[in-house]
Amino acid sequence: MTRPIELEAAERRFGSGHTQVVALHPTTLGVERGELLAIMGPSGSGKTTLLSLVGGLDQATGGRVLVEGKDVGRMSPSQLALLRRRTVGYVFQDLNLLAGLTARENVSLPLELDGAPLAAAQAQAAQALESVSLGHLADRYPDDLSGGEQQRVAIARALVGGRGIVLADEPTGALDSMTGESVMRLLRVHCDAGGTAVLVTHDAAHAAWADRVVFLRDGRVVDEARPAPTQEFSVGTTA
Amino acid sequence: MTLAYSVCILLQSPFEEDTLSVKFGLLALLADAPAHGYELKTAFERRTGGSWAINIGQVYTTLQRLERDGLVTELPSDGERHDYRITSAGTEALGAWFSSPVVIEAPPRDELTIKVLLAVAAGDVDVTEILQRQRRASIEQLQAYTRRKAQADPDRDVAFLILIDALIFRTEAEIRWLDASEARIRSLSARAGKATS
Ligand SMILES: Nc1ncnc2c1ncn2[C@@H]1O[C@H](COP(=O)(O)OP(=O)(O)OP(=O)(O)O)[C@@H](O)[C@H]1O
Ligand SMILES: [Mg+2]
């Protein structure tokens with residue numbers, strides 16, 4: 001079975017000659033179906049670069065990036081648009097909800113762009129907002145929502161329409177710990193139900209919700225963490 | 001401040017925290033109702049989310065000390081049970097304890113801190129590698145905690161969740177400290193690189 005995400009020596013350089021920056025050195029990395037992968041690393045280490053290659057927002061300058069078995073680098077603009085509407089949901093580092101649209105309209109937009117009938121799109125959007133516990137705020141505009149609520153709208157927008165892959169760049173950045181935790185629970189639920197997610201975060205407590213944590217430094221994967229095999233831990237109440 | 005001096009600071013000051021927590025833990029339980037030693041032991045363990053086993057001997061020596069200081073008093077015994085009750089001085093001491101914040105003044109003197117300090121000073125050790133190995137181990141530990149947390153019931157397991165949050169945030173703080181240490185070392189070597197080129 002094909003993996004949902006596959007990087008084969010994918011590389012991203014900016015500029016040329018003297019001023020060239022290698023944002024991502026040739027990197028090979030696969031993400032399994034059902035996996036929640038976290039990416040950690042210092043500022044400028046290439047996290048957003050890697051995520052944008054997978055989301056089809058940017059093109060590799062070397063190697064290949066496959067999403068559901070298809071080479072993102074060979075897609076036409078309309079195929080890329082389709083990929084983003086149907087397959088990959090993206091939560092940006094700086095949110096960008098559309099200020100002129102309500103929460104529900106923000107969430108239903110990708111479906112409408114994809115040609116879904118308005119009523120059906122709005123119903124699905126309402127359901128997606130319900131799943132992030134924001135059903136009651138569906139008619140609010142982004143400016144009238146708190147940072148954490150906007151964050152959850154952005155996640156609902158990434159999940160809506162049953163897109164299997166969610167890419168989230170620092171989705172918990174500005175949130176307090178309980179709200180951040182609820183965002184992580186959402187991603188966990190998505191993956192436990194057979195979805196796939198890649199999460200960029202600086203926050204170790206949030207990365208710990210992932211099945212695997214990949215560490216980037218200077219554009220290279222330098223290490224990887226997986227949960228230790230079930231550890232004995234002497235706390236008794238849940239037994 | 002020399003490295004030797006830093007390490008000296010880290011190695012001094014023995015902790016009294018444990019005995020203090022047991023002392024006020026027992027007082028807090030007795031503030032609810034009089035109880036005997038064994039009841040106190042099991043209630044203490046339950047309230048600390050099952051994380052802190054104390055032996056019955058420690059309970060009795062603590063009760064003796066509390067009684068000597070006039071904070072608890074033994075109720076007339078029927079020969080079998082020895083129930084204790086909190087005194088008004090005990091209630092006052094407990095109130096003062098609850099209302100004063102816990103300040104951790106002693107610098108951390110754990111093995112990890114000392115290992116990193118010594119590695120930085122050694123010069124010929126790859127500190128970044130040591131930091132990353134520790135970071136991976138800490139994240140894996142966090143993953144294990146988080147799995148336990150994900151399974152807990154937020155209504156029934158409050159003590160457990162508060163406890164596991166303590167472990168999670170302490171480990172997270174350790175990772176932030178590793179990140180900060182690495183950033184310091186990188187900017188130091190960047191400056192050193194500029195100076196020599
Ligand atoms: N369009 C661009 N032109 C030139 N360099 C770029 C461009 N985009 C990114 N870079 C460089 O590539 C490197 C990686 O950037 P990236 O945005 O992936 O970092 P990041 O790990 O996401 O950092 P942060 O944690 O700060 O978001 C950085 O050195 C950055 O300056
Ligand atoms: Mg970034």
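Each chain gets a letter, A, B and so on, in the order the sequences are listed, and its residues count up from 1. Quick caveat, the model's predicted, so the values are computed rather than measured.
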Exercise for the section: Before giving the answer on side chain to side chain donor-acceptor pair (under 3.5 Å), spell out for Thr28(A) and Glu8(A) the whole-Å C-alpha distance, their side-chain angles and the decisive distance to 0.1 Å. Expected result: CA-CA 5 Å; Thr28(A) 297; Glu8(A) 296 175 354; over 6 Å; no
Bottom line for Glu45(B): the part with an atom under 4.5 Å from chain A's heavy atoms is neither
The interface call for Ala183(B) against chain A, heavy-atom contacts under 4.5 Å, is neither
When the 4.5 angstrom heavy-atom criterion is applied to Asp192(A) and chain B, the contacting part is neither
Under 4.5 Å to a heavy atom of chain B? For Glu224(A) that would be backbone
If one checks every heavy atom of Met184(A) against chain B at 4.5 Å, the contacting part turns out to be neither
Cut-off 4.5 Å, heavy atoms of chain A, and the answer for Arg176(B) is neither
Given the options Arg226(A), Arg188(A), Arg33(A), Asp211(A) meets salt bridge (charged side-chain N to carboxylate O under 4.0 Å, His left out) only with Arg188(A)
So CG of Leu142(B) and CZ of Arg147(B): to nearest 0.5 Å the spacing works out to 12.5 Å
Test side-chain contact (heavy atoms from CB on, under 4.5 Å), reference Arg212(A), set Leu36(A), Leu29(A), Ile39(A), output is Leu29(A)
(Q) I want to check a possible cation-pi pair here: Arg12(A) against Phe14(A), using under 6.0 Å from ring centre and within 45° of the ring axis as the test. (A) yes
